[in-house]
Amino acid sequence: WLVIAVGLVRAYLAKGSYHSLYYSIEKPLKFFQTGALLEEYLLIAKYLPGIVPSSVVLTAFQVMSRVFLTWAVTHSVKEVQTEDSVLLFVVAWTITEIIRYSFYTFSLLNHLPYLIKWARYTLFIVLYPMGVSGELLTMYAALPFVRQSGLYSISLPNKYNFSFDYYTFLILVMISYIPIFPQLYFHMLHQRRKVLSCTEEHKKSE
């Protein structure tokens, strides 16, 4: 994620504009975001559930939604790659992940600076809505192109007697954010109160 951050900064300095910066970090974004599936399986779902203090279901939704945005929307619908909303979620993801992995690393080393802990449980207040806004706006921008091209859609009649409308599916994915995002957001708010209040009490006791 530092590679992505540096790539964004270098591209911005070279172009002098924040428009269409997606192309400068497209390959590392696909690689690292897809790699999060392996992290989800190894760290959260199977081998080391105690290391990552997160809700498995909420984290799985977050990972899957990002992979979906990366491949099924941004990669598949070329027309949205120049949208500013793509940069919005890429920047939010990048900052969030740099902070999150720093938090996990220093926690495992038993030397967690308060600044990183504070950033982990505070900056999400802005970064999560920023990322979700970028994701939803990108999906919305993709809708007319999906409808026009019939992307990933299967029409009847066919030998499997099955139909699938990707346009409708994309709308349903957007609607799914309504019940799930508040759960993720309030879960983090609860964690923030719990973690930072314990830190403050510990400081006072010292």
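We're numbering straight along the sequence, starting at 1. Keep in mind that the numbers below use all heavy atoms, side chains included, and drop hydrogens, waters and symmetry copies.
Below 30°, between 30° and 60°, or above 60°: for Tyr185 and Phe124 the angle between ring planes is above 60°, a perpendicular geometry. Aromatic ring orientation, Tyr104 versus Tyr101: perpendicular (interplanar angle above 60°, classes split at 30° and 60°). Below 30°, between 30° and 60°, or above 60°: for Trp1 and Phe32 the angle between ring planes is between 30° and 60°, a tilted geometry.
Across all non-hydrogen atoms, the minimal contact from Ala5 to Thr94 is CB-CG2, 3.7 Å. Residues Leu156 and Phe162 share a closest heavy-atom pair of CD2-N, 3.5 Å. Taking each heavy atom of Val67 and Thr34 in turn, the nearest pair found is CG2-CA, 4.4 Å. Of all non-hydrogen atoms in Thr96 and Ala92, the two that sit nearest each other are OG1-O, 2.7 Å. Nearest heavy-atom pair across Val80 and Thr74 is CG2-CA, 4.0 Å. Among all heavy-atom pairs drawn from Tyr128 and Met188, the shortest one is CE2-CG, 3.7 Å.
Under the 4.5 Å side-chain criterion, counting only non-hydrogen atoms from C-beta, Val91 is in contact with Met130. With contacts defined as side-chain heavy-atom distances shorter than 4.5 Å, the pair Phe68/Leu170 qualifies. For the pair Thr138 and Leu88, the minimum side-chain heavy-atom distance is 4.5 Å or more. The shortest distance between side-chain heavy atoms of Lys15 and Leu21 falls below 4.5 Å. Put simply, the side chain of Leu136 does not reach to within 4.5 Å of the side chain of Phe181, judged on heavy atoms. Looking at heavy atoms from C-beta onward, Tyr22 lies out of side-chain contact with Thr82 at the 4.5 angstrom threshold. A heavy-atom distance below 4.5 Å is not found between the side chains of Tyr140 and Ser85. For the pair Met139 and Leu69, the minimum side-chain heavy-atom distance is below 4.5 Å.
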Do Trp93 and Ile4 pass the side chain to side chain contact (heavy atoms under 4.5 Å, CB included) test, and can you show the C-alpha distance, the side-chain angles, and the key distance before you say yes or no? CA-CA 10 Å; Trp93 291 0; Ile4 294 173; over 6 Å; no
Tell me, with the steps shown, if Phe61 and Gln183 meet side chain to side chain contact (heavy atoms under 4.5 Å, CB included). CA-CA 11 Å; Phe61 171 80; Gln183 292 185 55; over 6 Å; no
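Following chains of ILVMFWY side-chain contacts shorter than 4.5 Å, one can reach Tyr23 starting from Val90, so the two form part of one hydrophobic cluster. Grouping the Ile, Leu, Val, Met, Phe, Trp and Tyr side chains by contacts below 4.5 angstrom, directly or via other members, places Leu13 with Val3. Residues Val126 and Ile98 do not share a hydrophobic cluster, clusters being chains of Ile/Leu/Val/Met/Phe/Trp/Tyr side chains in contact below 4.5 Å. A single hydrophobic cluster is seen to contain both Val9 and Tyr18, as judged by linkage of ILVMFWY side chains at heavy-atom distances under 4.5 Å, directly or through other members. Tracing side-chain contacts under 4.5 Å through hydrophobic residues (I, L, V, M, F, W, Y), one never reaches Val6 starting from Phe31; they form parts of separate clusters.
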Donor-acceptor contacts, no H, no angles, side chain residues 145-152, under 3.5 Å, sequence neighbours left out:
from, atom 1, to, atom 2, distance (Å)
Ser149, OG, Phe145, O, 2.8
Ser149, OG, Leu151, N, 3.3
Tyr152, OH, Ser76, OG, 2.6

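Atoms CG and CZ, from Leu112 and Arg120 in turn, are 11.0 Å apart once rounded to the nearest 0.5 Å. Atom CZ of Arg66 is separated from atom CG of Leu37 by 12.0 Å, given to the nearest 0.5 angstrom. One distance of note links OG1 of Thr105 with NE2 of His111; it measures 13.0 Å at 0.5 Å rounding. Distance check, rounded to the nearest 0.5 Å: OH of Tyr166 to CG of Leu143 gives 9.5 Å. We find the CD-CG distance between Gln191 and Leu196 to be 10.5 Å, quoted to the nearest 0.5 Å. Here the straight-line distance linking atom CG of Leu137 with atom CG of Asp84 works out to 10.0 Å at 0.5 Å rounding.
Although no hydrogens or angles enter the test, the distance criterion places no donor-acceptor pair under 3.5 Å between the side chain of Thr122 and the main chain of Ala119. Side chain of Glu79 to backbone of Ala142: no donor-acceptor contact under 3.5 angstrom is found.
Taking a 6.0 Å sphere around NZ of Lys27, one finds it holds 12 or fewer heavy atoms contributed by other residues, nucleotides or ligands. Under a cut-off of 6.0 angstrom, the local environment of CZ in Phe186 is sparse, with at most 12 non-hydrogen atoms contributed by other residues, nucleotides or ligands.
The side chain to side chain donor-acceptor pair (under 3.5 Å) pairs that include a residue from residues 153-162 number zero, where partners must be two or more places apart or lie in different chains.
Residues passing the ring-ring contact (aromatic ring centres under 6.0 Å, His included) test with Tyr12: none are found, sequence neighbours excluded.
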